[in-house]
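Naming convention: chains lettered A, B, ... in sequence-line order (proteins, then strands); numbering from 1 in each chain.
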Number of protein chains: 2
Amino acid sequence: MIHSIEIKEPTKSENLTEQLIEAIVSGEYPPGSKISETEIARFFNVSRGPLREALMRIEGLNLIERVPHVGARVVTLSPEKLIEIYAVREALEGMAANLACKHITDQEIAALEKLLTQHKEHIEQVDGAYYFHQHGDFDFHYQIIKASRNSKLISLLCDELYHLLRMYRYQSPSTQSRPTHALNEHFNILTAIKERDAELAEMLMRRHIKRSRELIENQLIEEKEKANDAR
Amino acid sequence: MIHSIEIKEPTKSENLTEQLIEAIVSGEYPPGSKISETEIARFFNVSRGPLREALMRIEGLNLIERVPHVGARVVTLSPEKLIEIYAVREALEGMAANLACKHITDQEIAALEKLLTQHKEHIEQVDGAYYFHQHGDFDFHYQIIKASRNSKLISLLCDELYHLLRMYRYQSPSTQSRPTHALNEHFNILTAIKERDAELAEMLMRRHIKRSRELIENQLIEEKEKANDAR
DNA sequence: AAACACCACATTGTCTACAATTACATTGAT
DNA sequence: ATCAATGTAATTGTAGACAATGTGGTGTTT
């Protein structure tokens, strides 16, 4: 989707970084599991030097937590942390939608329209096409973020937060989504962008993300009630 | 300047990271300058291993840029990049002000009030107390960010963007500020927070940062015109 | 004189070995 | 039996040596 795998990275350290990110995000190294340097270095046929460099970078992405002289563990994403991330997304992607109105090209708008039409067809045909929807959801948001033309915004959302969100998706596949509602909201956002109404686009995007967040918050409340009942 | 490794951080790699950040931000290693691994490792009395680990982390903070097999250079902050950062700040700190209204304690509000009163006195006494104002400006924003109680927001603003902003301050000391106006805006923001008016606080904070950004944008335009005239 | 090819040098990337710190288990005392 | 202390084993942190790549200069050719 985003990263072209055309050419290998020139250095082992960078290759490792990408592979480890994939392994962590996909759940191959489950949340909370320990990352043994010697073990993983042997597995990837590299020495501990490049591996440690990769770990430093991955720590910067908040995918692992390291304690000196103790080791690294894969982070466990609590619903509380996820809610925090959604608050950040609300602010940043709202800004992205605003800026996109000012910079997006007609071609890009056409591409977005095509994307949403495809989504609509898929949802109508395959009722509850969950995975596809989630995938496409990222696509839609990604294109708008890119259209903001603000490289800082793009890197924060697509490099820093993206992996954490993907990881959460793997961790809790039971997350209920709302494909139809979300699709409608996507269409409304696109309409605002087409009309170059920056303020409206921002507001709609923020509301869109806020609703996703509230879904998670409700889940969290349910979980807590269940825990209380069990007591 | 003494670089003796005290018992602050438990590991040399982490010590190095902090010292290098300080050196880069303060301009000791000027923008665009090359970072020679062997040279700096010798200077700090460490081997290249820990140094490289530190460089990886600092690269993640976007303070340096590394090219494989070529080396690392200190980033040069263009006005364009700074404007991008301010757009991000506008979104994030707006959200922070909003959340702060919901979570800030009365003690914290009192502390903020005291802070602003001190700023006011200083500005009245020492006209154009530039450095202090900038310093205090960070204080005010920092306290509000902390009061948002959103750890992701806090780390993004205070860990990721903060160093870049400090670096810019060192790089272009000629930046004209507007202490009196800014102070008034700070007071207005604080009033909104005191009244727990989240939406107003967010709007005022965003406008406040937007005005700082516009100051930079105007400078940029002036520079370009000057460049055109010289041609 | 300009452009290209080649070689030597310097710098970065990686590996192996060693030192330092922590975790766990065993042992002893209360 | 529980708790504390200590020693051992395993893991992480660091250092120095070696390999791979990029840079710059020199010399030749057109």
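- Applying the salt bridge (Lys or Arg N to Asp or Glu O under 4.0 Å) test to pairs two or more places apart or on separate chains, none has a residue in residues 69-84 of chain B.
- For the side-chain hydrogen bond (donor to acceptor under 3.5 Å, both in side chains) test, residues two or more places apart in sequence or in another chain that qualify with B/Glu108 are B/Thr105, B/Arg149.
- By the side-chain contact (heavy atoms from CB on, under 4.5 Å) test, B/Asn45 pairs with no residue at all, sequence neighbours left out.
- Considering only residues two or more places apart in sequence or on other chains, A/Ser47 meets the side-chain hydrogen bond (donor to acceptor under 3.5 Å, both in side chains) condition with none of them.
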Protein proximity profile, nucleotides 8-20 of chain C - base contact B, sugar-phosphate-only contact S, no contact -, cut-off 4.0 Å on heavy atoms: ---SBBBBB----

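- Within the structure, ring pair (Phe, Tyr, Trp, His ring centres under 6.0 Å) contacts touching residues 142-167 of chain B (residues at least two apart or in different chains) are B/Phe138-B/Tyr162.
- Under the salt bridge (Lys or Arg N to Asp or Glu O under 4.0 Å) criterion, no residue pair touches residues 150-164 of chain B, with sequence neighbours excluded.
- Among residues two or more places apart in sequence or in another chain, the salt bridge (Lys or Arg N to Asp or Glu O under 4.0 Å) test is passed with B/Arg213 by B/Glu90, B/Glu217.
- First and last contacts of DNA chain D with chain A, using any nucleotide atom under 4.0 Å from a protein heavy atom and ordered 5' to 3', fall at D/dT11 to D/dT14.
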